[in-house]
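Everything on this sheet refers to the single structure shown next.
Remember, it's 1-based here, ligands and their atoms both numbered in the order they're listed. As a basis for the values below, the full set of heavy atoms in this structure was taken, side chains included, without hydrogen atoms, waters or symmetry mates. No experiment lies behind these values; they were computed from the predicted model shown.
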Amino acid sequence: MPQYAFFKSQIVPIEDAKISIMAHGFNYGTGCFEGIRAYWNSIEEQLYVFKLLEHYERFLNSSRILLMDLPFTAQRLAEITVELIRREGYREDTYIRPVAYKADEVIGVRLHGLRDEVAIFAMPFGRYIETDSAHAGVSSWRRIDDNSVPARAKITGAYINSAFAKTEAVLNGYDEAIVLTQDGHVSEGSAENIFIVRDGVLITPPITDNILEGITRKVMIELAREELSLPVMERPIDRTELYVADEALLCGTGVQVVAITHIDHRPVGTGMIGPIVKALRDLYFDVVRGKARKYLGWCTPVYVNVPELAVA
Ligand code: PMP
């Protein structure tokens with residue numbers, strides 16, 4: 001359990017960070033959030049926060065979509081986060097959860113004319129899916145649409161869509177769900193972006209197919225191009241392309257990089273993790289832990305005298 005939280009513009013003991021049952025965000029899901037990971041590097045005795053500024057830039061974009069005007073820059077939120085983790089003193093892998101929410105204690109669904117608050121907490125956190133290779137099932141639930149509940153924003157209330165898909169998948173014996181758009185193209189997992197490999201090309205749905213614009217997705221694309229010289233395509237994917245793919249993966253801050261080895265009871269390729277997914281996975285874990293020096297700029301060290309923030 002964390003000891004502290006950032007709440008109402010200051011770092012307070014976690015037990016003092018409480019909201020009312022009347023809070024707008026609690027009743028109507030009018031909030032947005034982020035999930036950020038920090039990785040412990042035991043050799044350097046350093047905790048590296050991965051892509052810290054990028055997460056707060058997306059957080060502020062989500063807040064804009066929700067008609068919020070938060071009094072923080074991404075840089076400031078990054079500094080507060082580093083300070084919070086230092087107070088906790090974590091020396092292990094950590095998950096950071098910032099949330100912005102409509103805080104007024106009023107009845108009435110709307111976005112305008114409400115007070116917004118930001119809260120942040122951080123806690124030790126290991127794996128999200130308890131496996132390195134997942135059996136995914138195509139969900140009977142469809143992905144929310146940009147013109148109903150925009151997937152581009154990480155909106156708290158929108159995660160009921162993810163919850164429906166995830167629970168259906170798990171109750172049906174799968175590890176994860178793959179969710180299709182309203183017009184039947186592959187969108188993403190319940191809380192992960194998806195990639196497939198076909199004939200040596202890495203393919204992922206475009207950002208217009210109602211995906212969250214994933215930070216790990218962007219990292220996969222950069223590492224594939226830069227380190228593996230792989231061609232990458234962002235284009236719509238049909239459901240049955242999943243069945244004939246050579247390899248597939250799910251990626252996201254929480255799940256990290258997981259091979260999808262079966263989809264709807266069909267083996268993907270050999271039914272085991274393939275060479276491209278394995279290479280991307282290995283690269284990713286080196287990068288996030290600050291072991292790939294070339295990408296150290298993506299990692300913000302927590303335990304330094306003067307805050308030195310990674311620049312995007
Ligand atoms: N899609 C959804 C719906 C998610 O919740 C997440 C996790 N934030 C992702 C994709 C992956 O995004 P990221 O790589 O930025 O964590």
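Of the options Gly214, Gly189, Cys251, the smallest heavy-atom separation from atom 12 (O) of ligand 1 is shown by Gly214.
Here the protein heavy atom with the shortest distance to atom 5 (O) of ligand 1 is Tyr159 OH, 2.5 Å. Atom 1 (N) of ligand 1 has as its closest protein heavy atom Glu188 OE1, 2.6 Å. Ranking the protein heavy atoms by distance from atom 9 (C) of ligand 1 puts Ala191 O, 3.5 Å first.
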Report task. Check step by step if salt bridge (charged side-chain N to carboxylate O under 4.0 Å, His left out) holds for Glu54 and Lys218. Result -> CA-CA 11 Å; Glu54 285 81 350; Lys218 216 169 158 194; over 6 Å; no
Q.
One pair to check against salt bridge (charged side-chain N to carboxylate O under 4.0 Å, His left out): Glu234 and Arg217. What are the steps and the verdict?
A. CA-CA 11 Å; Glu234 296 176 56; Arg217 173 183 180 273; 2.8 Å; yes
CA sep, side-chain torsions, deciding dist, call: Lys154, Phe59, side chain to side chain contact (heavy atoms under 4.5 Å, CB included): CA-CA 7 Å; Lys154 211 168 156 52; Phe59 186 62; over 6 Å; no
- Begin with the C-alpha distance, continue with both residues' side-chain angles, and end with the deciding distance and a verdict on side-chain hydrogen bond (donor to acceptor under 3.5 Å, both in side chains) for Asn61 and Arg64. CA-CA 5 Å; Asn61 282 343; Arg64 268 178 218 118; 2.5 Å; yes
Audit row: Tyr159, Phe33, ring pair (Phe, Tyr, Trp, His ring centres under 6.0 Å) steps and yes/no:
CA-CA 11 Å; Tyr159 275 72; Phe33 68 108; 4.8 Å; yes
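Contact between Arg58 and ligand 1 is present, with at least one heavy atom of the residue lying under 4.0 Å from the ligand. Taking a 4.0 Å cut-off on heavy atoms, Lys154 registers as neighbouring ligand 1.
Considering backbone and side-chain N/O of Thr216, one or more are found under 3.5 Å from N/O of ligand 1.
None of Lys291, Glu92, Gln256 except one satisfies the side chain to side chain donor-acceptor pair (under 3.5 Å) rule with Tyr39; the exception is Gln256. In summary, of the residues considered (His265, His135, Lys166), a side chain to side chain donor-acceptor pair (under 3.5 Å) with Tyr174 occurs for His265 alone.
His112 NE2 to Leu66 CG: the interatomic distance, rounded to the nearest 0.5 Å, is 14.0 Å.
Those atoms of ligand 1 that come under 4.0 Å of a heavy atom in Ser190, given as number and element, are 3 (C). Counting the atoms of ligand 1 from 1 in the order shown, those under 4.0 Å from a heavy atom of Gly252 are 11 (C), 14 (O), 16 (O). Remark: ligand 1 atoms within the under-4.0 Å shell around heavy atoms of Thr253 are 13 (P), 14 (O), 16 (O). For ligand 1, the atoms closer than 4.0 angstrom to any heavy atom of Arg143 are 3 (C).
The residue Ala151 has no part lying near ligand 1, judged by heavy-atom distances below 4.0 Å.
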